[in-house]
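To start, the structure under review is shown below, and the notes come after it.
Hydrogens, waters and symmetry mates are skipped; everything else that's a heavy atom, side chains included, is used. Small disclaimer: the values here were computed from a predicted structure and weren't measured. So you know, we letter chains A, B, ... as the sequences are listed, proteins then strands, and number each from 1.
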Amino acid sequence: QKEVEQNSGPLSVPEGAIASLNCTYSDRGSQSFFWYRQYSGKSPELIMSIYSNGDKEDGRFTAQLNKASQYVSLLIRDSQPSDSATYLCAVTHTGNQFYFGTGTSLTVIP
Amino acid sequence: GAVVSQHPSRVICKSGTSVKIECRSLDFQATTMFWYRQFPKQSLMLMATSNEGSKATYEQGVEKDKFLINHASLTLSTLTVTSAHPEDSSFYICSARSGGYSGNTIYFGEGSWLTVV
(Lines give C-alpha, C1' and ligand atoms only; values in the text may rest on other atoms or scores of the structure.)
Protein backbone atom coordinates (compact mmCIF):
# COMPACT_ATOMS: atom_id res chain seq x y z
CA GLN A 1 0.00 0.00 0.00
CA LYS A 2 1.32 3.40 -0.93
CA GLU A 3 1.85 5.90 1.84
CA VAL A 4 -0.16 8.59 0.09
CA GLU A 5 -2.75 7.96 -2.57
CA GLN A 6 -4.43 10.33 -4.96
CA ASN A 7 -6.69 9.81 -7.90
CA SER A 8 -4.54 10.64 -10.91
CA GLY A 9 -7.49 12.11 -12.77
CA PRO A 10 -7.76 13.94 -15.01
CA LEU A 11 -10.38 15.92 -13.17
CA SER A 12 -12.26 18.42 -15.31
CA VAL A 13 -14.47 21.16 -13.95
CA PRO A 14 -16.08 24.14 -15.65
CA GLU A 15 -14.84 27.61 -14.89
CA GLY A 16 -16.44 29.01 -11.75
CA ALA A 17 -17.20 25.60 -10.27
CA ILE A 18 -15.71 24.05 -7.14
CA ALA A 19 -12.87 21.59 -7.74
CA SER A 20 -12.47 18.92 -5.08
CA LEU A 21 -9.20 17.05 -4.80
CA ASN A 22 -8.78 14.16 -2.41
CA CYS A 23 -5.87 12.38 -0.79
CA THR A 24 -5.69 9.43 1.60
CA TYR A 25 -2.75 8.34 3.68
CA SER A 26 -1.88 5.12 5.41
CA ASP A 27 0.00 6.12 8.56
CA ARG A 28 -2.19 7.22 11.45
CA GLY A 29 0.85 8.87 12.99
CA SER A 30 1.07 11.41 10.18
CA GLN A 31 1.39 14.89 11.53
CA SER A 32 1.56 17.49 8.78
CA PHE A 33 -0.24 17.72 5.48
CA PHE A 34 0.51 19.82 2.44
CA TRP A 35 -0.88 20.61 -0.96
CA TYR A 36 1.43 21.59 -3.79
CA ARG A 37 0.53 22.79 -7.27
CA GLN A 38 2.70 21.91 -10.26
CA TYR A 39 2.22 23.51 -13.63
CA SER A 40 3.42 21.58 -16.64
CA GLY A 41 7.17 21.95 -17.02
CA LYS A 42 7.55 23.71 -13.68
CA SER A 43 8.47 22.60 -10.19
CA PRO A 44 5.87 22.22 -7.42
CA GLU A 45 4.90 25.21 -5.32
CA LEU A 46 3.37 25.07 -1.86
CA ILE A 47 -0.19 26.35 -1.71
CA MET A 48 -1.58 25.05 1.60
CA SER A 49 -0.52 23.34 4.79
CA ILE A 50 -2.77 21.92 7.49
CA TYR A 51 -1.91 20.32 10.78
CA SER A 52 -5.14 19.80 12.74
CA ASN A 53 -8.55 18.40 12.01
CA GLY A 54 -11.02 20.65 10.31
CA ASP A 55 -10.92 23.25 7.59
CA LYS A 56 -8.31 25.83 6.75
CA GLU A 57 -9.15 28.53 4.27
CA ASP A 58 -6.81 30.70 2.22
CA GLY A 59 -8.50 32.74 -0.46
CA ARG A 60 -10.21 30.43 -2.90
CA PHE A 61 -8.49 27.40 -1.40
CA THR A 62 -9.76 25.33 1.52
CA ALA A 63 -7.87 22.38 2.94
CA GLN A 64 -9.83 19.84 4.93
CA LEU A 65 -8.27 17.29 7.23
CA ASN A 66 -9.95 14.29 8.82
CA LYS A 67 -7.42 12.27 10.77
CA ALA A 68 -9.95 9.65 11.88
CA SER A 69 -10.70 8.82 8.25
CA GLN A 70 -7.13 9.50 7.16
CA TYR A 71 -7.91 11.82 4.35
CA VAL A 72 -7.08 15.35 3.38
CA SER A 73 -8.78 17.29 0.65
CA LEU A 74 -8.36 20.53 -1.21
CA LEU A 75 -11.29 22.57 -2.44
CA ILE A 76 -10.82 25.26 -5.02
CA ARG A 77 -13.75 27.65 -5.25
CA ASP A 78 -14.55 29.69 -8.34
CA SER A 79 -12.11 27.60 -10.36
CA GLN A 80 -10.17 29.47 -13.02
CA PRO A 81 -8.40 28.17 -16.12
CA SER A 82 -5.16 29.24 -14.44
CA ASP A 83 -5.85 26.63 -11.75
CA SER A 84 -5.29 23.90 -14.34
CA ALA A 85 -2.30 22.00 -13.02
CA THR A 86 -1.30 18.85 -11.18
CA TYR A 87 -1.95 18.98 -7.45
CA LEU A 88 0.33 16.99 -5.16
CA CYS A 89 -0.58 15.91 -1.66
CA ALA A 90 2.26 15.46 0.82
CA VAL A 91 2.25 13.98 4.29
CA THR A 92 4.89 13.87 6.99
CA HIS A 93 5.27 11.14 9.55
CA THR A 94 6.70 11.15 13.03
CA GLY A 95 10.14 10.50 11.57
CA ASN A 96 9.89 13.70 9.54
CA GLN A 97 9.80 11.78 6.30
CA PHE A 98 7.87 13.49 3.52
CA TYR A 99 5.68 11.31 1.34
CA PHE A 100 4.15 12.61 -1.86
CA GLY A 101 1.18 11.32 -3.74
CA THR A 102 1.42 10.89 -7.48
CA GLY A 103 -0.73 13.95 -8.07
CA THR A 104 -4.13 14.72 -9.52
CA SER A 105 -4.35 16.50 -12.85
CA LEU A 106 -6.98 19.26 -12.86
CA THR A 107 -8.33 20.95 -15.95
CA VAL A 108 -10.62 23.95 -15.62
CA ILE A 109 -12.65 24.38 -18.77
CA PRO A 110 -13.41 27.97 -19.80
CA GLY B 1 7.54 31.50 1.99
CA ALA B 2 11.09 30.23 2.00
CA VAL B 3 13.10 30.41 -1.23
CA VAL B 4 15.07 27.65 -2.85
CA SER B 5 17.15 28.51 -5.88
CA GLN B 6 18.33 25.98 -8.42
CA HIS B 7 20.91 26.51 -11.13
CA PRO B 8 21.17 26.09 -14.04
CA SER B 9 17.56 26.08 -15.15
CA ARG B 10 18.47 24.46 -18.46
CA VAL B 11 21.62 22.67 -19.52
CA ILE B 12 22.62 20.73 -22.59
CA CYS B 13 25.63 18.47 -22.42
CA LYS B 14 27.31 15.94 -24.64
CA SER B 15 26.98 12.27 -23.94
CA GLY B 16 29.78 11.07 -21.67
CA THR B 17 30.35 14.37 -19.93
CA SER B 18 29.34 15.39 -16.42
CA VAL B 19 27.05 18.16 -15.34
CA LYS B 20 26.54 19.76 -11.96
CA ILE B 21 23.29 21.21 -10.65
CA GLU B 22 23.24 23.46 -7.61
CA CYS B 23 20.48 23.86 -5.07
CA ARG B 24 20.59 26.73 -2.58
CA SER B 25 18.29 27.66 0.26
CA LEU B 26 18.38 31.46 0.17
CA ASP B 27 16.75 32.53 3.40
CA PHE B 28 16.94 29.53 5.69
CA GLN B 29 19.30 26.79 6.67
CA ALA B 30 18.41 23.39 5.32
CA THR B 31 19.90 20.41 7.07
CA THR B 32 18.03 18.17 4.66
CA MET B 33 17.64 18.56 0.93
CA PHE B 34 16.03 16.21 -1.54
CA TRP B 35 16.69 15.50 -5.20
CA TYR B 36 13.96 14.38 -7.56
CA ARG B 37 13.75 13.45 -11.20
CA GLN B 38 10.65 13.83 -13.27
CA PHE B 39 10.06 12.58 -16.79
CA PRO B 40 7.38 14.26 -18.92
CA LYS B 41 3.86 13.59 -17.72
CA GLN B 42 5.13 11.38 -14.92
CA SER B 43 5.26 11.77 -11.15
CA LEU B 44 8.10 13.12 -9.10
CA MET B 45 10.60 10.40 -8.33
CA LEU B 46 12.71 10.84 -5.23
CA MET B 47 16.33 10.07 -6.06
CA ALA B 48 18.11 10.79 -2.82
CA THR B 49 18.00 12.58 0.49
CA SER B 50 20.93 14.81 1.20
CA ASN B 51 21.94 15.59 4.76
CA GLU B 52 24.43 18.31 5.53
CA GLY B 53 27.79 16.92 6.52
CA SER B 54 26.98 13.29 5.82
CA LYS B 55 26.53 10.93 2.91
CA ALA B 56 23.35 11.09 0.92
CA THR B 57 20.77 8.35 1.17
CA TYR B 58 19.82 7.03 -2.23
CA GLU B 59 16.52 5.47 -3.19
CA GLN B 60 16.46 1.96 -4.50
CA GLY B 61 17.53 1.76 -8.12
CA VAL B 62 19.39 5.07 -8.15
CA GLU B 63 23.10 4.70 -8.91
CA LYS B 64 25.04 6.61 -6.30
CA ASP B 65 28.21 6.55 -8.38
CA LYS B 66 26.41 8.13 -11.29
CA PHE B 67 24.44 10.72 -9.37
CA LEU B 68 26.89 12.30 -6.96
CA ILE B 69 25.37 14.40 -4.23
CA ASN B 70 27.27 16.78 -2.02
CA HIS B 71 25.73 18.77 0.81
CA ALA B 72 28.72 20.65 2.12
CA SER B 73 26.89 23.49 3.83
CA LEU B 74 23.52 24.25 5.33
CA THR B 75 22.49 26.22 2.27
CA LEU B 76 23.97 24.31 -0.64
CA SER B 77 23.55 20.86 -2.11
CA THR B 78 24.85 19.79 -5.50
CA LEU B 79 23.90 16.97 -7.82
CA THR B 80 26.47 15.87 -10.37
CA VAL B 81 25.33 13.61 -13.17
CA THR B 82 28.47 11.78 -14.24
CA SER B 83 29.04 10.27 -17.67
CA ALA B 84 25.65 11.47 -18.76
CA HIS B 85 23.72 9.60 -21.42
CA PRO B 86 20.63 10.57 -23.39
CA GLU B 87 18.43 8.50 -21.07
CA ASP B 88 19.49 10.81 -18.23
CA SER B 89 17.71 13.66 -19.96
CA SER B 90 15.02 14.74 -17.54
CA PHE B 91 13.73 17.47 -15.25
CA TYR B 92 15.72 17.46 -12.02
CA ILE B 93 14.22 19.20 -9.01
CA CYS B 94 15.65 19.84 -5.59
CA SER B 95 13.79 20.68 -2.44
CA ALA B 96 14.82 21.75 1.01
CA ARG B 97 13.25 21.24 4.36
CA SER B 98 12.61 24.42 6.28
CA GLY B 99 12.17 24.37 10.00
CA GLY B 100 12.01 27.24 12.40
CA TYR B 101 9.56 30.01 11.61
CA SER B 102 8.25 28.28 8.51
CA GLY B 103 7.57 25.05 10.28
CA ASN B 104 8.53 21.66 8.94
CA THR B 105 7.83 22.33 5.30
CA ILE B 106 9.43 21.40 2.01
CA TYR B 107 10.10 24.08 -0.59
CA PHE B 108 11.11 23.28 -4.14
CA GLY B 109 13.69 24.82 -6.39
CA GLU B 110 12.73 25.92 -9.88
CA GLY B 111 14.03 22.73 -11.44
CA SER B 112 16.73 22.05 -14.00
CA TRP B 113 16.08 20.67 -17.46
CA LEU B 114 18.94 18.42 -18.53
CA THR B 115 19.29 17.41 -22.15
CA VAL B 116 22.05 15.00 -23.06
CA VAL B 117 22.88 14.92 -26.75
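- Under a cut-off of 6.0 angstrom, the local environment of NZ in Lys66(B) is crowded, with over 12 non-hydrogen atoms contributed by other residues, nucleotides or ligands.
- Ranked by heavy-atom pairs under 4.5 Å with chain B, the first of Pro44(A), Ser40(A), Gly103(A) is Pro44(A).
- In this structure, CZ in Phe108(B) is found 5.5 Å from OH in Tyr36(A), a value given to the nearest 0.5 Å.
- Using a 4.5 Å cut-off between side-chain heavy atoms of Ile, Leu, Val, Met, Phe, Trp and Tyr, with links allowed through other members, Tyr36(B) and Val4(B) fall into the same hydrophobic cluster.
- If you tally non-hydrogen atom pairs under 4.5 Å between each of Leu46(B), Ile106(B), Ile93(B), Thr49(B) and chain A, the highest count goes to Ile106(B).
- Under the 4.5 Å side-chain heavy-atom criterion for grouping Ile, Leu, Val, Met, Phe, Trp and Tyr, Phe34(A) is not connected to Tyr71(A) through any hydrophobic cluster.
- Of all non-hydrogen atoms in Phe91(B) and Gln38(A), the two that sit nearest each other are CE2-NE2, 4.5 Å.
- With chain A as the partner, the residue from Lys41(B), Gln6(B), Glu110(B), Met45(B) showing the most heavy-atom pairs under 4.5 Å is Glu110(B).
- One finds the CD atom of Gln42(B) at 12.5 Å from the OG1 atom of Thr86(A) (value rounded to the nearest 0.5 Å).
- Atom NZ of Lys42(A) is surrounded by 12 or fewer heavy atoms from other residues, nucleotides or ligands within 6.0 Å.
- Applying the 6.0 Å contact sphere to NE2 of His7(B) captures no more than 12 heavy atoms from other residues, nucleotides or ligands.
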